[in-house]
Undergrad: 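Provided herewith is a single structure, encoded as structure tokens, for subsequent inquiry.
We count residues from 1, following the sequence as given. What you are looking at is a predicted structure, and each value in this text was computed from that prediction instead of being measured.
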Amino acid sequence: MSTRQLSRPFGGYPTQILVQFFADRVLVLVTQLGKVGTLIQASIPDTAPLLPAPAPDLQYPNQQPLPPPSPAIQLTPLLGSSPSEYIHTLHSLYASQIATIVWTQAALRAMETSRRNVVVGLALKKFDGSDDEGVTERDKKLFQGVMSALHELLK
């Protein structure tokens with residue numbers, strides 16, 4: 001069992017990311033609140049193709065392109081629930097993208113022939129009014145920062 005973790009400030013809040021590899025699963029925790037939060041398991045058939053990340057966008061040279069999540073990903077809520085439809089959608093997006101990064105990095109390293117389920121724990125700071133605004137610039141920066149940090153952890 002291997003564990004990797006880091007802490008970075010995103011949106012003015014310290015954000016901890018922990019990745020722990022188990023024999024049958026990979027656990028990824030992303031927290032700004034110091035707790036596990038909502039747990040979602042992502043799974044995908046071994047036969048489903050994973051597309052590589054697109055080429056870097058010259059308009060955003062500091063932004064790492066993300067591999068697109070497969071429509072074959074199945075998300076299963078394990079613990080906790082989202083307080084709104086917006087947060088549910090946001091958590092689903094995080095879980096799908098995190099799992100896709102874990103699987104594509106494993107495939108690049110030829111670490112395994114089958115894809116382990118990825119359990120994602122999310123406990124992100126809720127900002128007043130964020131449900132009403134939809135996706136904000138702050139949401140986008142946090143998402144991109146978390147995904148970039150996850151890439152760094154998995155290298």
Undergrad: Could I get the full list of salt bridge (Lys or Arg N to Asp or Glu O under 4.0 Å) partners for Lys141, not counting sequence neighbours?
TA: none
Undergrad: Between Ile73 and Pro69, which heavy-atom pair has the shortest distance, and what is it?
TA: CD1-CB, 3.9 Å
Undergrad: For Val26, is there any backbone N or O sitting under 3.5 Å from a side-chain donor or acceptor partner on Asn117?
TA: no
Undergrad: Please tell me if the side chains of Val135 and Lys140 come closer than 4.5 Å, counting only heavy atoms from C-beta onward.
TA: yes
Undergrad: With a 4.5 Å limit on heavy-atom distance, are the side chains of Val36 and Thr31 in contact?
TA: no
Undergrad: Applying side-chain contact (heavy atoms from CB on, under 4.5 Å), can you list everything that pairs with Pro45, at least two apart in sequence or on another chain?
TA: Thr47, Ala48, Ala72
Undergrad: Let me check something: do Val102 and Leu51 share a hydrophobic cluster, defined by ILVMFWY side-chain heavy atoms less than 4.5 Å apart, either directly or through other members?
TA: no
Undergrad: Given the rule that I, L, V, M, F, W and Y join up when any side-chain heavy atoms are under 4.5 Å apart, are Tyr94 and Leu6 in one cluster?
TA: yes
Undergrad: Taking the side chain as C-beta and beyond, is there a heavy-atom pair between Ile44 and Thr100 under 4.5 Å?
TA: no
Undergrad: Can a donor-acceptor pair be found between the side chains of Arg4 and Gln20 at a distance below 3.5 Å?
TA: no
Undergrad: For the backbone of Val118 and the side chain of Trp103, can you confirm whether one donor and one acceptor N or O come within less than 3.5 Å of each other?
TA: no
Undergrad: Can you confirm whether Val30 sits close enough to Thr15 that some side-chain heavy atom of one is under 4.5 Å from a side-chain heavy atom of the other?
TA: yes
Undergrad: If every non-hydrogen atom of Ala95 is compared with every non-hydrogen atom of Ile40, which pair is closest and at what distance?
TA: CB-CG2, 3.9 Å
Undergrad: Between the side chains of Ser7 and Gln16, is a donor N or O closer than 3.5 angstrom to an acceptor N or O?
TA: yes
Undergrad: Should Leu33 and Leu39 be regarded as members of a common hydrophobic cluster, given that ILVMFWY residues are connected when their side-chain heavy atoms come within less than 4.5 Å of each other, either directly or indirectly?
TA: no
Undergrad: Is any side-chain heavy atom of Ile101 closer than 4.5 Å to one of Pro67?
TA: yes
Undergrad: What I'd like to find out is whether the side chain of Leu90 reaches to under 4.5 Å of the side chain of Phe143, using heavy atoms alone.
TA: no
Undergrad: Can you give me every donor-acceptor pair (side chain of residues 146-155, partner residue at least two apart or in another chain, under 3.5 Å) with its distance?
TA:
| residue | atom | partner | partner atom | Å |
| --- | --- | --- | --- | --- |
| His151 | ND1 | Gln64 | NE2 | 3.4 |
| His151 | ND1 | Gln105 | NE2 | 3.3 |
| Glu152 | OE1 | Arg8 | NH1 | 3.3 |
| Glu152 | OE1 | Arg8 | NH2 | 3.1 |
| Glu152 | OE2 | Arg8 | NH2 | 2.7 |

